[in-house]
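Let me begin by presenting the structure, written as structure tokens, before commenting on it.
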Protein chains: 2
Amino acid sequence: MCPSGETHVDRIFTVLEHDIVSGQLAMGSKLGEELLASRFGVSRGPLREALRRLEGRGLVIRTAHAGVRVVALSRKALLELYEIRELLEGLAARLAARNMSEEEVASLRALLDEDLNSGLRSDAYPLVFGDADFHYRIAEGSKSVRLKQLLCGDLYSLIRLCRFKTAHVPGQMQSFRDHMRIIEAIEDRDEALAEFLMSRHISAARARFLTTPFNEASDAVDSLKEAGFA
Amino acid sequence: MCPSGETHVDRIFTVLEHDIVSGQLAMGSKLGEELLASRFGVSRGPLREALRRLEGRGLVIRTAHAGVRVVALSRKALLELYEIRELLEGLAARLAARNMSEEEVASLRALLDEDLNSGLRSDAYPLVFGDADFHYRIAEGSKSVRLKQLLCGDLYSLIRLCRFKTAHVPGQMQSFRDHMRIIEAIEDRDEALAEFLMSRHISAARARFLTTPFNEASDAVDSLKEAGFA
DNA sequence: ATTGATTATTTTGTCAACAATCGAGATGTG
DNA sequence: CACATCTCGATTGTTGACAAAATAATCAAT
């Protein structure tokens with residue numbers, strides 16, 4: 001029933017995590033236990049445990065006797081995430097310039113060159129994925145397990161959760177040029193420059209986000225909180 | 001049976017979290033379900049859910065059909081944590097200098113003055129608590145809920161987990177002087193200085209940690225990992 | 001005596017049923 | 001008509017039992 005070690009909880013956790021960070025489950029959605037359990041073809045027990053794991057990672061919020069909902073990130077929370085990510089991605093770039101193997105550097109360079117050829121003509125969608133991949137590899141290359149876990153597992157997930165709404169079409173070219181400069185710094189093993197460029201890269205993304213209208217429901221959440229209802 | 005909203009899972013989670021970060025549960029300890037369930041006077045269901053929450057927060061590690069153990073932090077992992085905390089605590093100090101209310105600043109100042117009077121004569125133990133309280137208030141004063149959650153909930157917990165072993169008796173006076181300088185910077189609303197001082201404060205702690213012999217079992221874990229057994 | 005396979009026991013994973021709690025709609029009252 | 005209360009339905013919290021897997025113990029063979 002459980003092929004090769006993977007338990008039901010693991011499977012459900014993975015699927016739900018993906019559905020949340022990919023935006024298929026809207027922020028604030030209620031996750032009824034009975035419904036989800038039947039959808040996954042399991043009992044409520046394993047499902048609840050998977051939800052508890054998501055709760056521990058801050059992707060869902062459970063209120064006693066009321067059920068669990070997908071976390072609703074307010075504009076303020078998003079800005080906090082960007083502020084943190086600005087520092088941590090910078091650190092990752094610095095460590096990557098120090099610790100990445102030559103093979104990893106070459107592979108990343110190849111990835112960027114490929115994006116340059118295929119991504120320029122078309123829409124922004126492949127660039128979004130390319131962007132995710134780029135940052136993922138930097139985190140990987142930092143050789144810091146905890147840092148990679150923080151950036152890829154927690155922070156980046158939550159940001160991507162909202163990125164799908166705020167189309168960041170403007171600035172995609174600038175973003176790509178940032179990436180090019182960053183990998184040049186890494187190739188030169190210039191730690192300080194890599195950190196600076198990456199920090200500024202995130203800072204620019206935050207600034208771009210700051211100017212977006214942000215017509216989301218989370219604004220309503222903010223209003224409620226400010227009014228003292230939550 | 002459940003007085004006012006707090007469910008069994010919440011209670012167990014809180015107790016276990018405290019027991020882990022306070023060192024009462026040694027790193028790598030196995031947490032048998034049946035035993036713990038009887039100790040808490042509940043069934044295995046809620047206990048497992050609490051463990052799943054801890055798993056999501058990275059405080060325990062579960063291997064399928066083998067049980068859950070308290071996370072064993074290697075020396076390398078500790079250093080990674082210090083590296084991250086250096087940046088994040090600096091950010092917290094900068095934001096605290098910007099966002100802390102006058103009351104919070106005054107209260108923090110009072111706390112330090114009190115420590116100065118009561119803590120100088122005696123052993124280092126109250127200073128450890130004072131240190132935790134100091135950093136907690138800075139994180140709180142940053143007014144960034146995510147940052148506070150990261151520092152207090154995850155990073156600081158894990159570091160305190162090992163702090164109890166590495167007696168940081170040397171440098172306690174220097175640490176206290178650092179705190180004094182930091183609050184002065186916050187009182188002056190000098191964001192850059194507060195960030196710099198706090199970063200250096202953590203950096204010094206890391207350097208101190210780096211020179212400790214570290215006679216722990218996690219070294220064995222490191223050796224095993226390097227040998228490719230895990 | 002050590003190694004290997006095999007059984008036994010313990011521990012974990014899952015399930016279905018029960019109890020407790022909350023929310024919505026109905027009902028009665030000012 | 002507004003408002004408070006009550007009842008009922010639905011959802012969550014908890015439990016004990018059962019199935020599956022892994023560790024521990026047993027024993028035979030070299």
Side-chain angles (χ1 to χ4, degrees), chain A residues 1-17 20 25-26 28-72 220-221 224 229-230, chain B residues 1-17 20 25-26 28-72 220-221 224 229-230:
Chain A
M1 207 179 202
C2 296
S4 90
E6 186 168 63
T7 178
H8 281 165
V9 181
D10 296 328
R11 181 173 53 92
I12 298 173
F13 173 81
T14 305
V15 172
L16 282 183
E17 178 190 36
I20 290 178
L25 269 58
S29 307
K30 178 169 181 185
L31 301 179
E33 297 182 356
E34 204 122 22
L35 175 66
L36 276 182
S38 66
R39 251 177 58 63
F40 282 107
V42 297
S43 176
R44 276 181 48 214
L47 180 84
R48 281 174 63 89
E49 293 188 19
L51 289 179
R52 288 293 189 184
R53 255 178 87 178
L54 291 171
E55 183 186 2
R57 290 206 26 187
L59 286 177
V60 303
I61 292 183
R62 167 166 239 135
T63 45
H65 304 110
V68 354
R69 315 187 82 91
V70 178
V71 66
V221 177
L224 285 180
F229 285 99
Chain B
M1 207 178 201
C2 296
S4 91
E6 186 168 62
T7 178
H8 281 164
V9 180
D10 297 327
R11 181 173 55 90
I12 297 174
F13 173 81
T14 305
V15 172
L16 281 183
E17 179 191 35
I20 290 178
L25 269 60
S29 306
K30 179 169 182 183
L31 302 180
E33 298 182 356
E34 203 120 20
L35 175 66
L36 277 183
S38 67
R39 255 176 57 66
F40 281 108
V42 297
S43 177
R44 274 180 50 214
L47 179 83
R48 281 174 63 89
E49 293 188 18
L51 288 179
R52 289 292 189 185
R53 259 179 84 179
L54 291 170
E55 183 186 1
R57 291 207 27 188
L59 286 178
V60 302
I61 292 183
R62 166 166 238 135
T63 45
H65 305 107
V68 353
R69 314 186 82 91
V70 178
V71 66
V221 177
L224 284 180
F229 285 100

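Numbered from 1 within each chain, the chains take letters A, B, ... in sequence-line order.
Rounded to an integer number of Å, the gap from CG of Leu36(A) to P of dT12(D) is 9 Å. When the C1' atom of dG13(C) is taken as reference, atom CZ of Arg53(A) falls 14 Å away, rounded to whole Å. Atom-to-atom, CG of Leu47(A) to P of dG13(D) comes out at 12 Å; the value is rounded to the nearest Å. The CZ atom of Arg69(B) sits 13 Å away from the C1' atom of dA22(D) (whole-angstrom rounding). Whole-Å rounding puts the Glu49(A) CD to dT12(D) P distance at 16 Å. Computed from coordinates, the Glu34(A) CD to dA16(C) P distance equals 11 Å when rounded to whole Å. Atom pair Glu6(A):CD and dA20(D):C1' shows a separation of 17 Å (rounding to whole Å applied). The CG-C1' distance, from Leu35(B) to dT12(C), rounds to 15 Å in whole Å.
Candidate nucleotides dT12(D), dT15(D), dT12(C) were compared by shortest atom distance to the side chain of Lys30(A), and dT12(D) ranks first. With dT12(D), dT15(D), dC15(C) as the candidates, the nucleotide lying closest to the side chain of Val42(B) is dT15(D). Distances from the side chain of Glu33(B) to the nucleotides dG13(C), dG13(D), dT11(D) place dG13(C) closest. Checking dC15(C), dT15(D), dT21(C) against the side-chain heavy atoms of His65(A) singles out dT21(C) as nearest. The listed nucleotides are dT14(D), dT15(D), dT14(C); the one nearest the side chain of His8(A) is dT14(C).
Between Thr7(A) and dT14(C) there is a side-chain polar atom (N or O) within less than 4.0 angstrom of OP1 or OP2. Arg44(A) has no side-chain polar atom (N or O) that falls below the 4.0 Å cut-off from OP1 or OP2 of dA16(C).
Pairs passing the salt bridge (Lys or Arg N to Asp or Glu O under 4.0 Å) check and including a residue from residues 36-45 of chain B, sequence neighbours excluded, read Glu33(B)-Arg44(B).
With salt bridges taken as basic N to acidic carboxylate O contacts below 4.0 Å, one links Arg52(A) and Glu55(A).
No contact: Gly45(A) has no heavy atom under 4.0 Å from any strand.
The backbone N or O of Val68(B) lies less than 3.5 Å from no partner atom in the side chain of Arg62(B), so there is not a single donor-acceptor pair.
Contact annotation: the side chain of Leu16(B) approaches that of Phe40(B) to within less than 4.5 Å [non-hydrogen atoms, C-beta and beyond].
Ser43(B) is linked by a side chain to side chain contact (heavy atoms under 4.5 Å, CB included) to Pro46(B), counting only residues two or more places apart in sequence or in another chain.
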